[in-house]
Amino acid sequence: MEKILDSEFPYADGILSGKNALVCGASKGIGRATALMLARAGANVTVCARSSEKLDILVDEMYGSGHSKLILDLEDIATLEHKIFELTKKQKIHILVNNAALLGTLKRGPFEEITVDEFELAMRVNVTGSFIVTKAVIEVMRKTAWGRIINMSSDTALNGNPGFLHYVTTKGAIVSM
């Protein structure tokens, strides 16, 4: 991580000053690194995840000020819609990173053993959640004629992953979206 944030980072010059970024799925891994890089580039970053504790640590580690956290559980569509609507009333989102995904809690197994409920849960979190967040921010991006939406997928969308059809299907949907 230190290598990413050192002075040689190409966007450490504040190129994103004045821009607001929203990173969903920011508590670890790629989402966390993305939030740190956007902050280093000068953006005001709102980080989202289910874990308040991890987001508190992340906000403290981010370069600069003006960063915030938003606790979101993409399984709860009604609350997600409300919280994203409230956020977009307070600030214009210029950069959206849809990185949140349900992975670790999905049960692996043969196609025949994946239940409809498990499949729908994976779709709700990994696809519908990204759709809702994108829908909430795209109007401002269109009005201001500036915005970036980054939808994170996985090579599993093209290569598959045995016993993980529900996850693979959601990543294919993200590629299509």
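Remember, predicted model here, so these are calculated numbers, not experimental data. Quick note: residue numbers are just sequence positions, from 1.
Listed here is the closest heavy atom pair of Pro162 and Arg108: O-NH1, 3.6 Å. The shortest non-hydrogen separation linking Val175 to Ser153 is CG2-OG, 3.3 Å. Scanning both residues, Val47 and Ala35, for their nearest heavy atoms gives CG1-CB, 3.6 Å. Summarising the geometry of Ala136 relative to Ile84, their closest heavy-atom pair is CB-CG2, 2.9 Å, with the distance given to 0.1 Å.
In this structure, the side chains of Val133 and Leu80 come closer than 4.5 Å at one or more pairs of heavy atoms.
Within the structure, ring pair (Phe, Tyr, Trp, His ring centres under 6.0 Å) pairs that include any residue of residues 103-135 do not occur (at least two apart or interchain). Pairs engaging residues 143-156 under the salt bridge (Lys or Arg N to Asp or Glu O under 4.0 Å) rule: Glu139-Lys143 [sequence neighbours left out]. Note on residues 77-88: pairs passing salt bridge (Lys or Arg N to Asp or Glu O under 4.0 Å), not counting sequence neighbours, are Glu86-Lys89. Judged as a side chain to side chain donor-acceptor pair (under 3.5 Å), the pairs with a partner in residues 66-75 (not counting sequence neighbours) are, in order, Thr46-Ser68, Ser52-Lys69, Asp56-Lys69.
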Item to complete: Just do the side-chain contact (heavy atoms from CB on, under 4.5 Å) check on Met141 and Ile149 with the steps written out, would you?
Response: CA-CA 9 Å; Met141 291 179 180; Ile149 299 171; 3.7 Å; yes
Fill in: Steps toward side-chain contact (heavy atoms from CB on, under 4.5 Å) verdict (Cys48, Val23)
CA-CA 6 Å; Cys48 303; Val23 181; over 6 Å; no
Item to complete: Would you please test Val45 and Met62 for side-chain contact (heavy atoms from CB on, under 4.5 Å) and show each step?
Response: CA-CA 9 Å; Val45 183; Met62 288 198 291; 4.1 Å; yes
Practice prompt. Run the numbers on Val116 and Glu120 for side-chain contact (heavy atoms from CB on, under 4.5 Å), then give the verdict.
Written response: CA-CA 6 Å; Val116 171; Glu120 288 179 343; 3.7 Å; yes
Please tabulate, one pair per line, all N/O donor-acceptor pairs under 3.5 Å involving side-chain atoms of residues 93-107, not counting sequence neighbours.
residue, atom, partner, partner atom, Å
His94, ND1, Asn20, N, 2.8
Asn98, ND2, Thr134, OG1, 2.9
Asn98, ND2, Asn151, OD1, 2.8
Asn99, ND2, Gly25, O, 2.9
Lys107, NZ, Glu118, OE2, 3.2

Side-chain atoms of residues 167-174: list all donor-acceptor pairs with protein atoms under 3.5 Å, sequence neighbours left out, distances to 0.1 Å.
residue, atom, partner, partner atom, Å
Thr169, OG1, Leu165, O, 2.7
Thr170, OG1, Asn126, ND2, 3.0
Thr170, OG1, Tyr167, O, 2.6
Lys171, NZ, Met152, O, 3.4

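For Ser154, the side chain to side chain donor-acceptor pair (under 3.5 Å) partners at least two apart in sequence or on another chain are Thr156. Residues satisfying the side-chain contact (heavy atoms from CB on, under 4.5 Å) test with Pro110, not counting sequence neighbours, are Glu112, Glu113.
In this structure, Arg50 places its CZ atom where only 12 or fewer heavy-atom neighbours from other residues, nucleotides or ligands lie under 6.0 Å away. Within a 6.0 Å radius of CD1 in Ile30, no more than 12 heavy atoms belonging to other residues, nucleotides or ligands are found.
Distance CG/Leu36 to CZ/Arg40: 10.5 Å, rounded to 0.5 Å. To the nearest 0.5 Å, atom CD1 of residue Ile132 and atom CG of residue Leu72 are 10.5 Å apart. Note that the CG atom of Asn44 and the CG atom of Leu16 stand 10.0 Å from one another [nearest 0.5 Å].
Hydrophobic clustering of Ile, Leu, Val, Met, Phe, Trp and Tyr side chains at less than 4.5 Å, counting indirect connections, unites Ile138 with Leu87.
Cation-pi geometry between Lys92 and Trp146 is not met: the NZ or CZ atom fails to fall both under 6.0 Å from the ring centre and inside 45° of the normal.
The side chain to side chain contact (heavy atoms under 4.5 Å, CB included) test with Leu74 singles out one residue from Thr128, Val127, Val125, and that residue is Val125.
Counting only distance, with no hydrogens or angles, the side chain of Thr79 and the backbone of Asp76 share no donor-acceptor pair below 3.5 Å.
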